[in-house]
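Just the heavy atoms: all of them, side chains too, but no hydrogens, waters or symmetry mates, feed the values below.
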Amino acid sequence: MNKIKNIGVLTSGGDAPGMNAAIRAVVRAAIYYDLEVTGILRGYEGLINGDFMPMDRKSVANIIQRGGTILKTARSDGFRTFEGRKTAHEQLVKHGIDALIVIGGDGTFTGANLFSQEFGYPIIGLPGTIDNDLAGTDFTIGYDTAINTVINAVDKIRDTAESHDRLFIVEVMGRDSGLIALRSGIGVGAEAILIPEAKTGIEGLITRLEHGRKDKASKIIIVAEGDEIGGGFNVGEVLKERFPAYDIRVSVLGHIQRGGKPSCMDRVLASRFGVSAVEGLLHGKSGEMVGQINREIVFTPFSHAIKHINAEEISPTWLKLVEILSL
Ligand code: F6P
């Protein structure tokens, strides 16, 4: 065990359902191990500005079920600069904070990686992003809730698609990653899924629509916002020109995917990660992200977690599954 006495915790980047459960777990675990905890507001912005508040058992009461993040979050330009990170380090030293737990996605860990290398400061990450695009964990906090939000929304859209014999293009989040589209698309029985990782998706879709069954009343196409054509509306334009006979509508789900009560899976994952992060710091771990692979807790260096997306899921096997099931 090392000499950590006060742990700082922050959420950074896009919010994700389950971040509050993670904060709660960090605070409660720290108290359990006789440590003090400091909440840092608005991610790295608050770290630079010294926006700190002491946290106790009660400050995390009744938050496990709440979406968003009680610590608020931001995408910080200041922390991208060495000057910003230096000021952040000075603030931590000034306030007697000995270690940090950061909850966020790849942008958060890119900053955390630099910070731990530059200042040799103990820092552990918790994967909190709806995108699920980090290596070193099967699932990130927020992904399960987000894909369930998507399938609930698309089930409703399906009613209209079916009643009007329409083709619906539904755009889901995922600027660089198609994992939300992939799983939710399978979950709603989509005709096709267009994702940034699979090029030529649109040609495959056009061929399928040309040669596929003509007796289907409704068709749902799930498009990740970062696909090669540039999102749902652009895909809609291509298909409208190619298939003028189809009655086509586009629906963009947007930020409803980031909000709402976390699912039980996300609450449990966040709780487990929060406790493991505190224990990891106490055992001298640093510069790593806590994750879960095949139900086991694992620690992965930030540099690996951010550079390798959860590649296994975007395998041809999964894409073939979509094709087989959409017959
Ligand atoms: O990182 C999560 C994410 O939801 C992406 O999928 C999406 O492109 C982005 O956040 C949107 O971020 P913002 O809230 O800044 O528009």
Side-chain angles (χ1 to χ4, degrees), residues 1-12 15-41 43 46-47 51-73 91-93 95-104 108-109 112 116 121-128 136-142 144-145 261-293 295-300 302 305:
M1 292 270 179
N2 56 23
K3 294 218 167 59
I4 292 172
K5 290 200 171 60
N6 188 332
I7 293 181
V9 57
L10 61 82
T11 48
S12 156
D15 65 325
M19 278 184 163
N20 281 328
I23 297 166
R24 172 181 178 267
V26 167
V27 171
R28 295 263 162 104
I31 294 168
Y32 179 88
Y33 288 110
D34 287 328
L35 304 171
E36 285 176 50
V37 207
T38 303
I40 298 159
L41 294 171
L47 191 52
D51 228 344
F52 299 164
M53 61 174 193
M55 298 186 86
D56 60 17
R57 194 182 52 78
K58 279 209 212 120
S59 34
V60 291
N62 279 325
I63 64 164
I64 195 168
Q65 75 280 19
R66 283 168 55 188
T69 157
I70 60 161
L71 290 176
K72 299 191 178 284
T73 185
Q91 292 282 18
L92 288 166
V93 173
H95 288 83
I97 302 169
D98 314 303
L100 258 188
I101 291 180
V102 296
I103 307 166
T108 305
F109 298 157
S116 75
Y121 191 88
I123 179 163
I124 290 285
L126 256 72
T137 190
D138 289 337
F139 299 109
T140 56
I141 300 163
D144 183 63
T145 307
K261 279 172 173 289
S263 67
C264 186
M265 291 293 276
D266 278 330
R267 296 181 199 192
V268 173
L269 197 67
S271 300
R272 208 175 168 208
F273 284 169
V275 173
S276 303
V278 172
E279 290 175 342
L281 277 175
L282 289 175
H283 286 97
K285 287 199 171 294
S286 181
E288 293 178 283
M289 179 196 87
V290 59
Q292 178 185 285
I293 297 179
R295 297 190 195 160
E296 296 292 329
I297 289 291
V298 290
F299 286 83
T300 302
F302 287 135

(Q) If you define the side chain from C-beta out and look only at heavy atoms, does anything of I97 sit under 4.5 Å from I7? (A) no

Q | Spacing of S116 atom OG and I124 atom CD1 [to the nearest 0.5 Å] | A | 9.0 Å

**Q.** Shortest non-hydrogen contact between A16 and G142, atoms and distance
**A.** CB-CA, 4.2 Å

Q: Considering non-hydrogen atoms only, spot the tightest contact between G274 and A25 and give its length.
A: CA-CB, 3.8 Å

Q.
Please evaluate residues L92 and D98 with respect to the criterion side-chain contact (heavy atoms from CB on, under 4.5 Å), reporting the C-alpha separation (whole Å), side-chain torsions for both, the decisive distance (0.1 Å), and the verdict.
A. CA-CA 7 Å; L92 288 166; D98 314 303; over 6 Å; no

Q | Heavy-atom donor-acceptor pair, D266 side chain to T145 backbone, under 3.5 Å | A | yes

Q) Any donor-acceptor pair under 3.5 Å linking the side chain of Y33 with the backbone of V278? A) no

Q | Nearest atoms (heavy-atom pairs only) where P262 meets I64 | A | CG-O, 3.5 Å

Q: Work out which heavy atom in F273 is nearest to a heavy atom in P127; give both atom names and the distance.
A: CE1-CG, 3.5 Å

Q: Check whether any side-chain heavy atom of F299 sits under 4.5 Å from a side-chain heavy atom of M289, and report yes or no.
A: no

**Q.** Minimum-distance pair of heavy atoms, taken over all atoms of I40 and L47
**A.** CG2-N, 3.5 Å

Q.
For the CZ atom on R66, are there more than 12 heavy atoms of other groups (residues, nucleotides or ligands in this structure) within a distance under 6.0 Å?
A. no

(Q) I'd like to check the ring pair (Phe, Tyr, Trp, His ring centres under 6.0 Å) partners of F52; sequence neighbours left out, ordered by chain and number. (A) H95

Q) Sub-3.5 Å donor-acceptor pair from the side chain of D51 to the main-chain atoms of L41, do we have one? A) no

(Q) Under a 3.5 Å cutoff, is there a donor and acceptor pairing between the side chains of T73 and D15? (A) no

Q: Apply the side-chain contact (heavy atoms from CB on, under 4.5 Å) test between Q292 and each candidate in D138, L269, V298, T140; give the one that qualifies.
A: L269

Q: Give the C-alpha distance, both sets of side-chain angles, the deciding distance and a yes or no for side-chain contact (heavy atoms from CB on, under 4.5 Å) between I23 and I103.
A: CA-CA 8 Å; I23 297 166; I103 307 166; 4.0 Å; yes

Q: Would you check if S12 and V102 make a side-chain contact, meaning some heavy-atom pair closer than 4.5 Å?
A: no

Q) Heavy-atom distance under 4.5 Å between the side chains of R28 and R57, does that happen here? A) yes

Q) With a 4.5 Å limit on heavy-atom distance, are the side chains of T300 and E288 in contact? A) no

Q: Check whether any side-chain N or O of R24 sits under 3.5 Å from a backbone N or O of S271 as a donor-acceptor pair, and report yes or no.
A: no

Q | Residue pair V290 / A277: nearest heavy atoms and the distance that separates them | A | CG1-CB, 4.4 Å

Q) Would you say T69 and N20 make side-chain contact, with heavy atoms under 4.5 Å? A) yes

Q. If only atom types and distance count, is the side chain of S263 paired as donor or acceptor with the main-chain N or O of D144 below 3.5 Å?
A. no

(Q) Under the criterion side-chain contact (heavy atoms from CB on, under 4.5 Å), I'd like the reasoning laid out for R272 against I297: C-alpha separation, chi angles, the key distance, then a yes or no. (A) CA-CA 8 Å; R272 208 175 168 208; I297 289 291; 3.7 Å; yes

**Q.** Beyond-backbone contact of N6 with T38, side-chain heavy atoms, under 4.5 angstrom
**A.** yes

Q) Between CG of N62 and CD1 of I70, what distance do you get to the nearest 0.5 Å? A) 11.0 Å

Q: Report the C-alpha separation of E279 and K285 in whole Å, then their side-chain angles, then the decisive distance to 0.1 Å, and conclude whether the side-chain contact (heavy atoms from CB on, under 4.5 Å) test is met.
A: CA-CA 9 Å; E279 290 175 342; K285 287 199 171 294; over 6 Å; no

**Q.** Sub-4.5 Å side-chain heavy-atom contact between M55 and V26
**A.** no

